[in-house]
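Comments concern the structure below.
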Amino acid sequence: MFPKYDIIVVGAGHAGCEAAAASANMGAKTLLITMNMTAIAQMSCNPAMGGVAKGQLVREIDALGGFSGIITDKTMIQFKMLNLSKGPAMWSPRAQNDRWRFSETWRLQLEKIPNIDFWQDSVVGLIIKDGRAIGVKTENEHHIYSKAVVLTNGTFLNGLIHIGEKQITGGRVAERASSGITEQLVEFSFKTGRMKTGTPPRIDGRTINYSSMEPQEGDENPSQFSYTDTPKLTKQKPCWLTYTNKEVHEILKTGFDKSPMFTGRIKGLGPRYCPSIEDKINRFSHRERHILFIEPEGWDTVEVYLNGFSTSLPAEVQDKALKKIPGFENCKMFRPGYAIEYDYFPPDQLDYTLETKLIENLFFAGQINGTTGYEEAASQGLMAGINAVLKIREKNKFLLGRDTAYIGVLIDDLINKGTEEPYRMFTSRAEFRMSLRQDNADIRLSEKGHALGLISDERLEKVNRKITETERIITYLKSQSIDYQLLIENVAIPEIPIGSGNISLLKLISMPQVNLKSLASADKNLNDILINSTKDSVEQAEIQIKYEFYINREKILIDKLKKLENLYLKNDLDYSSMKALSSEGKEKLLKIKPSTLGQASRISGVTPSDISILLMYMNAGE
């Protein structure tokens, strides 16, 4: 009934969709298995993509040839560039999306890829032979064979939903859980654990009084996530802002004795940076109110998402508390909020390719690795799909370093540090964030995507034009100067203490008071160059000039890091015999078996002294 596939992807969430798309677009015969064909790429929690650091991930996925950015652009109902008051390293795109159109558009996109087959079923086990994954077993008793398997099970592995004292087996509301895989992998000596996430109640927007809330509009000139020519957003829907209060908190406290979080029924750890409302009230008892965002679910539906009110309290307590929030006095719920526990596998059991160390040709991506968020999952799915294809073709691994992409930071953190709570990406996690900006992801990564066969020649040509135009602008600015008197007569800028005579255009642009657009009014040739350059190229040139000092300083650090990354450690190195190593360092090195000295230096518990000792051993070995 089934042919033998190159790659089987289990799960059609954000990780599974990117994994299947990458695999198929690289020419591999791919099967995507999901328990529910109508819930492909479901936005299980908030109807939004991007945000701080997450927006950078989506742009990197797009630059490599993934589809998350394209789907986001096609289904946006609002766009905001966050942190514009800060430097460009912090700028992060974020979109509100139409939940149903997002899922539909992803499915239609996948159906356009000839190499993808679909099968609706539940995978209950893996087919493993000689330590290698060669297929899957399904609930309907099918044995489907492949050369590699990518697991992207999300919250479905032994998923358990909590609403007050009620417990419901499921991977998502009204969708059943998946069992069998965890139990089998434990037999192969995999470590596993439990994590928890939650979601707020969904509200009938017709019963909300928006007049007592603060509107949150999108950008006046909305941008996009994808570097392709996706449709421009011409109209937007507002979000709204309101707050909890003391009365709301007191009502919620009446349900604490039935809260699974406080009674101990929930064993898994939840996301630190997205706590439930009851957790916020408990941990920050001095706070009299907490901010809430009302996010529309789509263009045509009245359903809204109450961001900031994630909860697993009894439904009747949720309902009573909601009615004390300004604007929600007469609200009606479509469904209550809930918490969900699920199995995950500590990610230090993976290689950088996201292939498991214990079973060859088996890859993990997404929440199975302990991450939270659509964007983190999609990034891993893309990398797992790419590397699964490269593995079966006996090609070199595709890896991204911490100096190359936020995706590289994400994977490096997971592999070397592991995680005991849902991992979320932040700009602060990237030590080279000045170089890893959202505006230059195409410059950093598109050539790599092209080499993999995921980026077309036309897209690469567009990136190269951006690079050429950027260099042309910078070259002109380096070669020209302007008379100070002519400058202040033609450019509306605050007075600059630079004296008189000529001043370099490059020096002028490096000043925070001056921008290319204003300077062009005093220099016709510059104006002509800018008119014949894209907006992205102009922005790129200005950022590179204004932040040249910081970018160059990072490059020095990156070069130092690369020296360590080029010092390879043998896989069979006997750390236990190195008596000078610290006890914890020895334990962690034996467990993770880093491939380079650079990787070893980033392992939690490995000290600088340990690195010096390893370096001495390496030199002695030479």
Side-chain angles (χ1 to χ4, degrees), residues 44-46 155-177 193-204 207-208 242-294 304-344 367 372 420-422 424:
S44 305
C45 203
N46 62 324
T155 60
F156 283 79
L157 289 180
N158 294 318
L160 184 63
I161 292 171
H162 297 267
I163 306 174
E165 295 179 312
K166 296 178 182 177
Q167 292 184 338
I168 307 164
T169 301
R172 194 159 48 207
V173 67
E175 295 186 53
R176 60 197 178 91
R194 295 285 277 177
M195 280 191 176
K196 166 246 175 189
T197 189
T199 193
R202 304 302 196 269
I203 311 297
D204 184 340
T207 64
I208 296 175
T242 189
Y243 298 88
T244 62
N245 52 53
K246 284 185 176 180
E247 193 173 7
V248 172
H249 296 180
E250 291 304 315
I251 293 171
L252 291 172
K253 287 178 183 177
T254 65
F256 280 13
D257 63 331
K258 295 181 180 179
S259 167
M261 192 181 79
F262 296 133
T263 60
R265 284 193 298 277
I266 290 180
K267 305 299 182 185
L269 284 174
R272 178 188 298 265
Y273 303 101
C274 189
S276 65
I277 187 65
E278 55 264 37
D279 193 23
K280 284 189 278 191
I281 292 169
N282 187 53
R283 287 166 53 192
F284 308 107
S285 57
H286 61 285
R287 295 278 296 273
E288 294 186 357
R289 67 177 191 172
H290 293 283
I291 194 169
L292 301 173
F293 291 95
I294 293 84
V304 299
Y305 178 93
L306 187 54
N307 195 336
F309 204 86
S310 174
T311 181
S312 57
L313 290 171
E316 59 273 14
V317 176
Q318 295 183 37
D319 183 64
K320 190 176 179 181
L322 284 169
K323 288 182 166 59
K324 298 300 180 181
I325 298 171
F328 283 76
E329 293 83 358
N330 299 303
C331 74
K332 294 179 181 178
M333 285 194 293
F334 279 160
R335 66 171 170 83
Y338 64 87
I340 182 168
E341 277 188 292
Y342 55 93
D343 293 338
Y344 85 104
Q367 284 174 292
T372 182
E420 294 179 352
E421 61 184 44
R424 177 180 175 180

Original post:
With sequence neighbours left out, which residue pairs that include part of residues 242-264 fulfil the ring pair (Phe, Tyr, Trp, His ring centres under 6.0 Å) condition?
Top reply: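 Passing the test, one end in residues 242-264: His249-His290, Phe256-Phe262.
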How long is the gap from [atom1] on [X] to [atom2] on [Y], to the nearest 0.5 Å?
| X | Y | atom1 | atom2 | answer |
| --- | --- | --- | --- | --- |
| Thr169 | Arg176 | OG1 | CZ | 11.5 Å |
| Leu313 | Gln318 | CG | CD | 6.5 Å |
| Thr244 | Ile325 | OG1 | CD1 | 7.0 Å |
| Phe293 | Ile291 | CZ | CD1 | 3.5 Å |
| Ile281 | Arg287 | CD1 | CZ | 11.0 Å |
| Phe328 | Ile203 | CZ | CD1 | 6.0 Å |

Run the side-chain hydrogen bond (donor to acceptor under 3.5 Å, both in side chains) test against [X] and tell me which residues pass, sequence neighbours left out.
| X | result |
| --- | --- |
| Ser259 | none |
| Arg194 | Asp343 |
| Thr263 | Arg265 |
| Ser312 | Glu278 |

Least distance between heavy atoms, [X] atom then [Y] atom:
| X | Y | result |
| --- | --- | --- |
| Ile161 | Ile340 | CG1-CD1, 4.1 Å |
| Cys331 | Thr207 | CA-OG1, 3.2 Å |
| Ala339 | Ile266 | CB-CD1, 3.8 Å |

Subject >> Stepwise side chain to side chain contact (heavy atoms under 4.5 Å, CB included) check, Tyr305 with Cys45 >> reply: CA-CA 9 Å; Tyr305 178 93; Cys45 203; 3.0 Å; yes
Subject >> Any side-chain heavy-atom pair of Asp204 and Val304 under 4.5 Å >> reply: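 Sidechains of Val304 and Asp204: no contact.
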Subject >> Check: Pro260 and Ile163 side chains under 4.5 Å, non-hydrogen atoms >> reply: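 Counting from C-beta outward, Ile163 and Pro260 never come under 4.5 Å.
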Original post:
Is the side chain of Lys280 donor-acceptor paired with the backbone N or O of Gly308 at a distance under 3.5 Å, no angle test?
Top reply: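 Checking the backbone N and O of Gly308 against the side chain of Lys280, a donor-acceptor pair under 3.5 Å is found.
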**OP:** Measure from the side-chain N and O atoms of Ser285 to the backbone N and O of Asn282, and report whether any donor-acceptor pair falls under 3.5 Å.
**Re:** no
Subject >> Passing candidate, side-chain contact (heavy atoms from CB on, under 4.5 Å) with Thr311, options Pro200, Pro336, Pro201 >> reply: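 Testing each of Pro200, Pro336, Pro201 against Thr311, the sole residue satisfying side-chain contact (heavy atoms from CB on, under 4.5 Å) is Pro201.
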Subject >> Sole residue of Gln367, Met195, Lys196, Glu341 in side-chain contact (heavy atoms from CB on, under 4.5 Å) with Thr155 >> reply: Gln367
**OP:** Report the residues that fulfil side-chain contact (heavy atoms from CB on, under 4.5 Å) with Ser44, sequence neighbours left out, ordered by chain and then residue number.
**Re:**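 Scan of Ser44 (side-chain contact (heavy atoms from CB on, under 4.5 Å), adjacent residues dropped) gives Gln42, Arg172.
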Original post:
Of all residues at least two apart in sequence or in a different chain, which pass the side-chain contact (heavy atoms from CB on, under 4.5 Å) check with Glu288?
Top reply: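 Testing Glu288 for side-chain contact (heavy atoms from CB on, under 4.5 Å), a comparison that skips the adjacent residues, returns Lys246.
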Does [X] have any salt bridge (charged side-chain N to carboxylate O under 4.0 Å, His left out) partners at least two apart in sequence or in another chain, and if so, which?
| X | answer |
| --- | --- |
| Lys324 | Glu247 |
| Lys258 | none |
| Arg272 | Glu421 |

**OP:** Name all pairs fulfilling the salt bridge (charged side-chain N to carboxylate O under 4.0 Å, His left out) condition that reach into residues 304-320, sequence neighbours left out, sorted by first residue then second.
**Re:**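 Pairs touching residues 304-320 that pass the test: Asp319-Lys323.
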Subject >> Trace of the side chain to side chain contact (heavy atoms under 4.5 Å, CB included) decision for Phe309 with Ile294 >> reply: CA-CA 10 Å; Phe309 204 86; Ile294 293 84; over 6 Å; no
**OP:** List the steps and the verdict of side chain to side chain contact (heavy atoms under 4.5 Å, CB included) for Leu160 and His162.
**Re:** CA-CA 7 Å; Leu160 184 63; His162 297 267; 3.8 Å; yes
**OP:** Can you tell me which residue pairs pass the side-chain hydrogen bond (donor to acceptor under 3.5 Å, both in side chains) test with a partner in residues 325-339, sequence neighbours excluded?
**Re:** none
